[in-house]
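Labels below follow one simple rule: chain letters A, B, ... track the order of the sequence lines, proteins then strands, and each chain is numbered from 1. Keep in mind the model is a prediction, meaning the values are calculated, not measured.
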Amino acid sequence: MTDDSITKPDFIREIIADDLASGKHATVITRFPPEPNGYLHIGHAKSICLNFGIALENRPVAAKCHLRFDDTNPEKEESEYVESIKQDVKWLGFDWGEDLYFASDYFQFFHDCAVHLIKAGKAYVDDDSAEEMRQKRGNLTTPGSRSACAERGVEENLALFEKMRFGGFKEGECVLRARIDMASPNMNLRDPVLYRIMHAHHHNTGDNWCIYPMYDFAHPLEDALEHVTHSLCTLEFENHRPLYDWFIDHCPVPSRPRQIEFARLNLTYTVMSKRKLLQLVRDGHVSGWDDPRLPTISGLRRRGYPAAAIRDFSKRIGVTKFNSTTDVALLEFEVRDFLNREAPRRMAVLDPVRLTLENRSAEPLTLIEVANHPQNPEAGGRVIPIGSEIWIEREDFMEDPPKKFHRLGPGRHVRLRGGPIIRCTAFEKDADGQVTLIRAEILPGTIGNDAPEGVQCKAAIHWVDVASGADAEVRLYDRLFSVENPDAAEAGFTSVLNPDSLKTITAKIEPALAAAEPGFCCQFERIGYFVSDSKDHRPSVSPVFNRSVALKDSWARQAGRPD
RNA sequence: AGCCUCAUAGUGUAAUGGUAACACCCCGGAUUUUGAUUCCGUUAUUCUAGGUUCGAAUCCUAGUGAGGCUACCA
């Protein structure tokens, strides 16, 4: 269902194609390596689509993409997140097959590599405190100086490391460091920490270990162990690549993966950092991690964004090293583009006003068959009852319409979508001047036929039958922030939250909508795309719909302009 | 301040030393039983300065701007 025509080779795909062509690799193995410490968001979706996409595209050479949980820090990780991440990857349409891994399953190997480095004189146990280490590391312009512990012999280091491993030290008492270069202009190479002591329970290994490897040490080894050929990560790891390569060079690994960095996704009108997302949830600015306004995968899913639209979006934005910010309008375009093709049409009236059909004896219709999709006859149709009273949208009637207004007004004609043309004969107002009732007559014989000679009918409006229609809660979602770049807000990102990001209203919906199952995506004709809420929607009892995205509305733009 | 990386219409990307293009957005028009869709069209682009070359968005140098790096996070 995804649009393959969008795919064009980016610099990473070119590298891979070259490696395949030159015979450097016979196949391609990528991996998506989340830390299970939070929920996935659309930035992760970019990485997922990249890594799994490359594997899919290279199927002829048996390419694969692994799902690997980078769970090397027991203090931050929970198995609850493992399940939600698996669910999100699956929902996005990707399959890791047999290749589900946990970094924690490699703890023994990491340990053995550490011992290997110690024996080679390339790692040592350091008793310096974190504070002392920081001071001796130097800074951006001045070289660091080595800890006195670096002079320890191999046997002593071996013994101390074993003592670390078997719980002989308290947390923070010492660490294992690589012996590289304290004067390197790349801070990552100033004798980085390999192992720290954590007397913590791990979600996978329980209490088997009390030393845990650092990302920089573990990650290249994980990749190499899994025979990953191309290890794709975001730009902030550029300076880590020399260290990545150093571990590959100095440890007994079975393969040589290559790290390639690309720019992470930034989107306008939202925030993407885990910390800020967490704050929005904790402080109650949103209802939870799956709030439809959040850029989380679960939020987008609940919002009714199709997985295919997110995949198309990922292709459309490309992959580069340029630190860019993508206009969220591009995501919304992909959502509309997909839903326009796939979503069945339904009718709902968001701001209802009653309309009475007066000449029912002249046109005694009781049922109307309405097409489910204007461009796709295969989508079939549905039968909607129609009585003498219907709801129409308040803004589809004007007492004194301007010449460019095509809808209903006194004496004017309009077509009821899928039904007959009607003519407004009268209307009533209350004391405040608010229209309370519209009276209209049906033009007999106009269902499925053009307007009779001499009748001006330039629009079709949606409607809901009063007798058979139902009430529904409709949640009108809009952008969470009112400025393009909330991260740059002087008073903090929460100061630029959009106060109108959610408007909840009661709407009138046609019978088929009330009966829909949760997660049903459709277009409310002339309004936008909506989905029945996966959590709160109760079919036929208490329907709840979320707006995914509004339809483009050139009339609103035109009408809003001064003449 | 040192090191690394990046810079093409408003936004995101393509052009791999040989005519700067595609998508989104915006604007206009045609069609339309959704003021949607579809179709057609308009506006607008190589950060700056030098250099190499017959020829530079592309290669080199410098500058400018942006991002990253001084966790026992990932």
Side-chain angles (χ1 to χ4, degrees), chain A residues 6 8-11 14 33-35 37 70 72-73 75-77 126 128-130 133-134 137-144 171-177 184-188 190 192-198 212 214-216 218-219 233-242 261 263 268 274 316-334 336-337 340-341 345 347 370-371 374-375 404-407 414-421 446-451 457-462 484 523-528 550-559:
Chain A
I6 301 171
K8 57 203 168 196
D10 49 68
F11 79 102
E14 276 176 8
E35 181 186 18
N37 72 341
D70 215 352
T72 55
N73 185 346
E75 283 181 354
K76 294 171 64 179
E77 295 144 11
D126 193 343
D128 276 0
S129 67
M133 278 181 59
R134 192 176 315 126
R137 189 152 33 225
N139 60 37
L140 266 13
T141 48
T142 62
E171 285 187 17
E173 270 193 288
C174 54
V175 294
L176 184 73
R177 300 177 73 173
S184 173
N186 183 341
M187 302 296 289
N188 296 118
R190 320 251 264 226
V193 173
L194 268 37
Y195 267 101
R196 78 282 215 188
I197 296 165
M198 296 175 103
Y212 290 90
M214 301 292 290
Y215 166 89
D216 280 320
H219 208 87
C233 63
T234 45
L235 249 27
E236 66 267 32
F237 293 105
E238 268 173 333
N239 296 338
H240 295 238
R241 181 157 23 95
E261 310 85 16
T268 55
K274 215 166 258 183
R316 188 85 63 178
I317 58 176
V319 179
T320 68
K321 298 178 82 117
F322 178 56
N323 207 307
S324 61
T325 301
T326 299
D327 192 339
V328 75
L330 186 53
L331 211 211
E332 292 168 347
F333 162 78
E334 294 291 354
R336 285 195 198 96
D337 190 46
N340 173 52
R341 278 179 274 129
R345 311 288 128 119
M347 291 197 285
V370 182
Q375 279 87 34
K404 284 192 288 189
F405 186 79
H406 295 161
R407 288 109 93 172
V414 79
R415 181 180 294 278
L416 297 182
R417 181 70 168 146
I421 292 174
T446 50
I447 295 183
N449 295 314
D450 289 341
C457 179
K458 298 179 79 173
I461 64 171
H462 57 279
E484 272 194 28
Q523 183 195 103
F524 287 3
E525 291 219 42
R526 302 209 304 134
I527 301 173
L551 248 35
K552 290 221 287 189
D553 189 352
S554 58
W555 165 250
R557 278 199 300 267
Q558 189 184 333

Identified stems (criterion: three or more consecutive Watson-Crick or G-U pairs, under 3.5 Å), RNA chain B: B:2-7 with B:64-69, B:10-13 with B:21-24, B:27-30 with B:38-41, B:47-51 with B:59-63
Looking only at atom P, what distance separates C4(B) and C27(B), rounded to whole Å? 46 Å
May I ask you to say whether D553(A) pairs ionically with R557(A), meaning some side-chain N is under 4.0 Å from a carboxylate O? no
Please state the C1' separation for the pair G2(B) and C73(B) - nearest whole angstrom. 24 Å
With heavy atoms under 4.0 Å as the rule, sort T234(A) into base, sugar-phosphate or nothing. nothing
Determine the contact category for F237(A): base if any of its heavy atoms lies under 4.0 Å from a base atom, sugar-phosphate if only primed atoms, P, OP1 or OP2 are that close, otherwise nothing. base
What interatomic distance, in whole Å, is found between C1' of U13(B) and the corresponding atom of A49(B)? 27 Å
Looking at every strand, decide which applies to G528(A) at a 4.0 Å heavy-atom threshold: base, sugar-phosphate, or nothing. nothing
With a non-hydrogen cut-off below 4.0 angstrom, is T320(A) in contact with a base, only sugar-phosphate, or nothing? sugar-phosphate
U37(B) and G55(B), which share atom name P, separated by this distance in whole Å: 48 Å
Select base, sugar-phosphate, or nothing to describe what L194(A) touches, counting heavy atoms under 4.0 Å on all strands. nothing
Carefully, step by step, assess T141(A) and N139(A) under the rule side-chain hydrogen bond (donor to acceptor under 3.5 Å, both in side chains). CA-CA 6 Å; T141(A) 48; N139(A) 60 37; 3.1 Å; yes
Compare side-chain N and O positions of R137(A) against OP1 and OP2 of C72(B) and report whether any pair is under 4.0 Å apart. yes
Within the side chain of R190(A), is there an N or O that forms a donor-acceptor pair under 3.5 Å with the backbone of S184(A)? yes
Looking at every strand, decide which applies to G144(A) at a 4.0 Å heavy-atom threshold: base, sugar-phosphate, or nothing. nothing
Please tell me if T72(A) has a side-chain N or O lying less than 4.0 Å from either OP1 or OP2 of A74(B). yes
Under 4.0 Å between any heavy atoms, over every strand shown, what does V175(A) touch: base, sugar-phosphate, or nothing? Just pick one. base
Using a 4.0 Å heavy-atom cut-off to protein, can you give one letter per nucleotide of nucleotides 35-48 of chain B, 5' to 3': B if the base is in contact, S if only the sugar-phosphate is, - if neither? BBB-----------
Atom C1', compared across U5(B) and A56(B): separation rounded to whole Å: 22 Å
For the backbone of N239(A) and the side chain of N186(A), can you confirm whether one donor and one acceptor N or O come within less than 3.5 Å of each other? yes
Could you work out the separation of U52(B) and A57(B) based on their P atoms and round it to a whole Å? 16 Å
Classify M214(A) by what it touches in the nucleic acid, base, sugar-phosphate, or nothing, heavy-atom distance under 4.0 Å. sugar-phosphate
Scan H240(A) against the nucleic acid and name what it touches under 4.0 Å (heavy atoms): base, sugar-phosphate only, or nothing. base
Looking only at atom C1', what distance separates C59(B) and U46(B), rounded to whole Å? 16 Å
